[in-house]
Protein chains: 2
Amino acid sequence: MQDGYGQFCPVALASELLAQRWMPLVVRELCVGATRFNEIRRGIPRIRPSLLKQRLDELERAGVLQRVPDAKQEGYGYQLTEAGRELRAVVGAIGQWGQRWARDIRDDDLDPGWLVWAMHRRLDTQAMPPGRTVIALTFPDAAATERHFWLVCERQQVDVCLKPPGFEPDLTVTTSVRVLAEIWRGLRPLSAELRGGRVRVEGAVALKRAFPRWLLLSAYAPIERPRVRG
Amino acid sequence: MQDGYGQFCPVALASELLAQRWMPLVVRELCVGATRFNEIRRGIPRIRPSLLKQRLDELERAGVLQRVPDAKQEGYGYQLTEAGRELRAVVGAIGQWGQRWARDIRDDDLDPGWLVWAMHRRLDTQAMPPGRTVIALTFPDAAATERHFWLVCERQQVDVCLKPPGFEPDLTVTTSVRVLAEIWRGLRPLSAELRGGRVRVEGAVALKRAFPRWLLLSAYAPIERPRVRG
DNA sequence: CGGTATCCCCCGCGATACTG
DNA sequence: CAGTATCGCGGGGGATACCG
């Protein structure tokens, strides 16, 4: 079954590698800059580590990435080669199409931990006040273990905490997972959700007013989604 | 296993549909204009009809195609919707990447029947003499049952025959499957293979000289393939 | 032509547990 | 942190036959 397609067409040869389960997500993580094994895993919470390792090995054999000693930290990191960097075009095409035409979001797609992890990559820390800004996120509709998150934002780095980080939050945001997910996807405007009270923000007035500019949303959010099909 | 990825990311939602086995090839066939079941099948010889039907049903449910009564012939045809037509960008990105970076062609990718089927879609009949032009193809290295093919070319239509069509060939082309496959992929120039005698053409001089202009090759052939990786 | 039906087998994948 | 080990299920591949 993992044999090829018996064709030398470039679409077929590429698909032998790329159209395997989980593969587009692994490539997506690498393209947005993840390098460490567990960093990739956080972006794909439901993949088994053994399968992730298998996929990474396949990508290495295909010349898409290299496993290199990590200079900054201990251990190894996965780095894209030129062939791997050019996969951005493939992931981008899939994402663009998905933004416009993929199925609607179901309740079991709504993983709050993944949402916060995705958001933490797309925060404009330059637009925040100097120093540290702590944002507490609360999803009243989520299961107890994934109801509270904290984003500890500094100029060069944003950390996601599952427990109170020890610093008092500067801003507290309360909303449902679906509302924030659809805002992140660009399917609802944040402004309307704030006005309608479906997103509630507590904190200093200056921070509350600046907050919408911190959220960069999904890279695909600007792409218009046509009317749902009948 | 065919459950989703548990993410509302557009890349993940699109991949649930598109990153299944065979799916990129099915979409490719639809994008190059195949509409009938057996027409799609000829472009994907190794797929089981039951699985092809399953994939087509998934695409219909996803709103990518519609099954409509075929006006010209009896039976039904599969037509892409707007969502389906926009998949050309995805197939195109995969094909471009594959042309540049996918693995080299192995012997078991070299299906001569598929090669001839792919070529028949990309023949410039406008460049041929008026009326009917019959090209006989011979692959001395192929198994007996797929050694001989005939392309019966008319202005609006090209037919692939597995048996002598009853018309004398105007041109007879003899070469190995690999050489012609790599020419079709743009990995070797036809001119050099003709000069080197690895492609032999028999027939009237005017036709022999015109023949190279009839072959439009793969749509991805113009894309340069970087040096093979080390 | 455009599929369906059936049986069998394999292995990719998921789940759980464990480790240097 | 970065994986490995083990077990079990079921989707997909192969072959063959059948049908409106």
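Convention: sequence-line order gives letters A, B, ...; per-chain numbering from 1. Because the structure is a prediction, the values reported are computed rather than measured.
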[X] [atom1] to [N] [atom2]: how many Å, rounded?
X      : N       : atom1 : atom2 : value
W22(A) : dA15(C) : CH2   : C1'   : 13 Å
Q54(A) : dT4(D)  : CD    : C1'   : 13 Å
L52(A) : dG14(C) : CG    : C1'   : 14 Å
I40(B) : dG2(C)  : CD1   : C1'   : 11 Å
R46(B) : dG12(D) : CZ    : P     : 17 Å
R41(B) : dG2(C)  : CZ    : C1'   : 9 Å
Y76(B) : dG20(D) : OH    : C1'   : 13 Å
L25(A) : dC13(C) : CG    : P     : 13 Å

Between [options], which nucleotide gets closest to the side-chain atoms of [X]?
X      : options                  : answer
N38(A) : dC1(D), dC13(C), dT4(D)  : dC1(D)
P49(A) : dG13(D), dT4(C), dG3(D)  : dG3(D)
R36(A) : dA2(D), dT4(D), dT4(C)   : dA2(D)
R21(A) : dG3(C), dC13(C), dG3(D)  : dC13(C)
R48(A) : dA2(D), dT16(C), dC13(C) : dT16(C)
L51(B) : dG14(C), dG12(D), dA2(D) : dG12(D)

> Using the ring of each side chain (for Trp, its six-membered ring), is F8(B) parallel, tilted or perpendicular to W114(A), with breaks at 30° and 60°?
Replying inline: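 Judged by the thresholds at 30° and 60°, the geometry between F8(B) and W114(A) is perpendicular.
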> Is it true that E16(B) and R103(A) make a salt bridge, defined as a side-chain N closer than 4.0 Å to a carboxylate O?
Replying inline: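 Yes, E16(B) and R103(A) are salt-bridged.
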> Does E86(B) come within less than 4.0 Å of R100(A), counting only side-chain N to carboxylate O?
Replying inline: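 Yes, charged N to carboxylate O under 4.0 Å.
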>> With nearest nucleotide decided by heavy atoms, which residue, R55(B) or S50(B), maps closer to the 5′ end of DNA chain D?
In response: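 Per heavy-atom nearest nucleotide, the more 5' residue is R55(B).
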>> Using side chain to side chain donor-acceptor pair (under 3.5 Å), reason through R28(B) and Q7(A) one step at a time and then give a plain yes or no.
In response: CA-CA 13 Å; R28(B) 179 197 67 192; Q7(A) 297 183 4; 2.8 Å; yes
>> If we count only N and O atoms by modelled type, under 3.5 Å, do the side chains of R225(B) and Q99(B) hold a donor and an acceptor together?
In response: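 Looking only at side-chain atoms, Q99(B) and R225(B) do not form any donor-acceptor pair under 3.5 Å.
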>> dC13(C), OP1 or OP2 - any side-chain N/O from Y5(B) closer than 4.0 Å?
In response: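 It does not, given that no N or O in the side chain of Y5(B) lies less than 4.0 Å from OP1 or OP2 of dC13(C).
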